[in-house]
Structure formats: C-alpha cells, structure tokens
Protein chains: 2
Amino acid sequence: MMKDAGAGGRDRPGLSRERVLRKALELADRDGIAALSIRSLAQELGTKPMTLYYYVANKDQILDGLVDLVFIEIATPEAGGEWKEQMRRRAHSAREALRRHPWAVGLLESRKAPGPATLKHHEATLGTLRAAGFTVQQTARAYSLLDSYIYGFALQEAALPIAGSEPMAEVAGPIMERFATGEYPHMVEIATQVVMQPGYDYGNEFAYGLELILDALEPAPADQEP
Amino acid sequence: MMKDAGAGGRDRPGLSRERVLRKALELADRDGIAALSIRSLAQELGTKPMTLYYYVANKDQILDGLVDLVFIEIATPEAGGEWKEQMRRRAHSAREALRRHPWAVGLLESRKAPGPATLKHHEATLGTLRAAGFTVQQTARAYSLLDSYIYGFALQEAALPIAGSEPMAEVAGPIMERFATGEYPHMVEIATQVVMQPGYDYGNEFAYGLELILDALEPAPADQEP
DNA sequence: AAGGGTATCGTACAGTGTACGGAGACGGAA
DNA sequence: TTCCGTCTCCGTACACTGTACGATACCCTT
C-alpha cells in the first residue's frame, strides 16, 4: 500500500525523517516530553505508529534528533571575532534555546550519540577558543567551565515551574506555607526580597555568572601547573 | 492477610517508606533509572507491586524521594567556618554524590517537590553565605552561579559513558572513526592531546572551574548596580 | 512478466503505572 | 464475646507504552 499526497493526513506531502523530527519537537514543546509517544506522534502526523519506524530506528533516535534540533538553534561562534563576544553570544543563545525547550536539558544526560549539528557546534566553539590563543588544555577547561554553567543554569531554570505569565510568586507561595514556621529563614529571605519582587526574572541572573566567568578567563599564559 | 517478619521475602522485618526508597536507590544505581519500575522494585523487596502504593502515592514520589536521598549525601556547610572552604567542600561533595548517582541529574529537571533534605541543604548553604557577609542579592547570585556550575558539570559527566574502568578512550574511539575525515580537527585535537591521555580524568577539571569561580566571588561591596 | 526497492500499516506481545476493591490481622469498645 | 475500625497487603484489570514481525501495495527496472 502507498498512500501518497492527500490520503490519510491532510497536508502531508510525503513523510520524511525531517518532518517526523520537526513534529516531535513541536509536540515536545506543546505537551512536554513525557507526552511524546510514538502513537501520539504518528497521529499528529496523520499516520499510523509503525510507519514512523521506516524513518527512525527507535524512539531513542527521535530523542537524539530532538537534541540535535535544539543545537541547530544555538548561534555558532566564528573564529574571527572577539572571542569573549563570541562566547557571550553563544552562551545567551544556548540558554534561550534551552529555555524554549526545557525538556532538552533532562535529555542531555542520557544521550550518547551526538548529532551533526551538535558536533558542528562544538567544533566551532573549540575553534574560536583555539584561534583566540587558548592552548589545547586551556580550551578544554574553558569549554568545560562555560558549558557546565550554561547547562546548569538551564537545568535550574527548567526545574522552576515556569508556566505562562508570572514566572515566580505562585511557585514560591504554596511552598512557603509549609515552612511559615520559620524553619527556613534564609530561603524565605531570598524568596521575599529577591524572587518574589515584582519585576524579578531569574533568567537575568544568567548574565551575572557569565560575565564573571568570562572576566576570569584569559587565553595566554596563566596556569603553570599542567 | 498480613505476612509480617519472614513470610515472602527473606530479610524483611516490615516494609516502610524508608526501606522502599533505599531499595529504589540501590536499584537505580545498579541497573539505571530506566530499569526502576514498580514491579522490579516490588520483586526486589520480596513484595507485590501494589503493596508499594501503601507507602508511596505514586512513582513520582519515589523519584522525589530518590533526589532527596542524594541530597542527604551532600556535605552541609556550616555558618561558622571560612565560607570559601565551606563552599568548596560542599561543591566537591555534591559533585561526588551526583557522580555516584548520575541519573539524579536528569531527574532534577522534572522534580517540583523538593524534599526535606534538599530544603535543609539549601537553607544551610544560604545561611553560610549570608553569615559571610553576602547581601541577599549577592547570596542569590552566588548560589545560582555555584549550583549552576555544579549541576552542569555533573550533567556533562553523566553524559559521558563512564562504564567501569577506563573513563575515556573507548568512548572517543568509535566516534572518532566517523570523522577521521578531518571534519572536526579541534575535537580530534582535544581528544588526542587531552582526553585520551593515559592518566586523564575529566572529573579533575571540576576543581579548575570551581576555584576560578570562588576566586571571583567576594562578599562585601562589589556590584554597585542593584 | 518478474523482480526488487520504497513506503505504509495491522497485529501482537511484553512491559509500564495504577485505580479499585477485597482480605486477613490487629486493636479497642460494646 | 461480638463488632468495628485501622493497618497492611495484594489480585485483577485497564489503558498505555515501544516495537518485532510480516503483509501489502505501489513504482521502476530488467
């Protein structure tokens, strides 16, 4: 059997691995990664479950593909420009991508097969650092440090129930009741004086840590201990 | 029916929520978090699946409990000592705990109900920073920065297939074949000159970034822009 | 006409979390 | 004693998951 254009699904000018992954991305963003099943994905594509396995070996490959799609969205640094500015751009871009797709952070832990976009992104970043005068060792360390911060921040951001409008306030509220007993004074302090302030957005704190790290990183000599 | 001591399971002097969570931790460490199912957990405890639901509302609560168990393992800083030393201890302790339980990092993203140990740990850390002279704002930022780095590093460590003995080398090898074409020169450079070196252990890089961050953090004045 | 590649799908199976309700053992109250 | 709750444990059943296996239909080449 072969139902090409316009048989089952409405606008389906031929399935493809690309289309499957794109729809998976859309579904993950809309309903969360937990709701992304082969069956729901197939239905959304106007197909039957087993059809997807023609384009994808298994669900793990879909998840791998999702992570790679997210990496596509991250600005690639160039070897030419000011390295700090390049790293800044990359970091902010990465954080924004991971905030658009919070589930991607949790996925990173279990992925073992980096996709082409991921590899290209890493390669470009390493290249920028090397071109700026970092030694191989320094590059590895700087990269590890920057990426750790980016991923870690994204992880914490993802762990906060974001919902739609008010980022905080309704999150801290219910928890607060539990320990109105004064058991956690410092957390209450932070919550009331920082987090629950009207215009507060945790995402803005990202720049603080990033600049602190960038200020401390320098290519040339530095670490004498190899 | 009530089978108390020594009926079905061998050494089972009465089930308890604590025992359930402990066994879940053991199973997650041994077989991975994906293999932790209600059924397998029940069997390991010498019980039947539905019995667990007397001690736990649902599987999500088990996962919450697991995360809290991990936090118990992290050294709690004290408000008295040198704050940098306290934070250093805490950071290393956290990294080690997350390396012992790599699945915990991926779990963090989806947890919304922090357990008592988690809360106590956060409270103690905040208290140490405040006692060292950090303002509320500075405390929030420093905490965010340190935790982001810790979690991010742990995430990257978890993403590397650790296996048993040799941490690297067999990881980079198979991937390397794919791009022996010279498409990713900088990654090859890093891999050959750093990662695949005999005594290399990525975990040691943790201290580098941590010290860099600790050196740049200082309580008193600093940021004039509120 | 025969064969092979491309694409789609039906059926079935083992496994998952858990809702629902029942059953035995215990304590105390009547 | 009888009765009633509470505690602990579990059997059954249901909807859902990923996917192995094989069938089917179409097109293109030989």
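To find a chain, count down the sequence lines: A is the first, B the second, and so on, and within it residues start at 1.
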For atom CG of Asp31(A) and atom C1' of dC16(D), their distance in whole Å: 16 Å
Atom pair distance, as rounded to whole Å: CD in Gln61(A) and C1' in dT19(D): 13 Å
DNA chain D: 5'-proximal contact among Leu36(A) and Pro49(B) (nearest heavy atom): Pro49(B)
Residue closer to the 5' end of DNA chain D, Tyr54(B) versus Tyr53(A) (nearest nucleotide): Tyr54(B)
Integer-rounded Å distance: dG11(D) P and Leu52(B) CG: 13 Å
Pair Ser148(B), Gln156(A): side-chain N/O donor-acceptor within cut-off below 3.5 Å: yes
Lys48(B) vs dC9(D): side-chain N/O to OP1/OP2 distance below 4.0 Å: no
Arg39(B) (side chain) and dG15(C) (base): donor-acceptor pair under 3.5 Å: no
Aromatic ring proximity, centroids under 6.0 angstrom, Tyr151(B) and Tyr149(A): no
Ring center gap for Phe153(B) and Tyr208(B) short of 6.0 angstrom: no
Whole angstrom value for the distance that separates C1' of dC16(D) from NZ of Lys59(A): 11 Å
His122(A)/Phe71(A) aromatic ring centres below 6.0 Å: yes
Between C1' of dT8(C) and CG of Leu45(A), the distance in whole Å: 13 Å
Under 4.0 angstrom between Tyr55(A) side-chain N/O and dT8(C) OP1 or OP2: yes
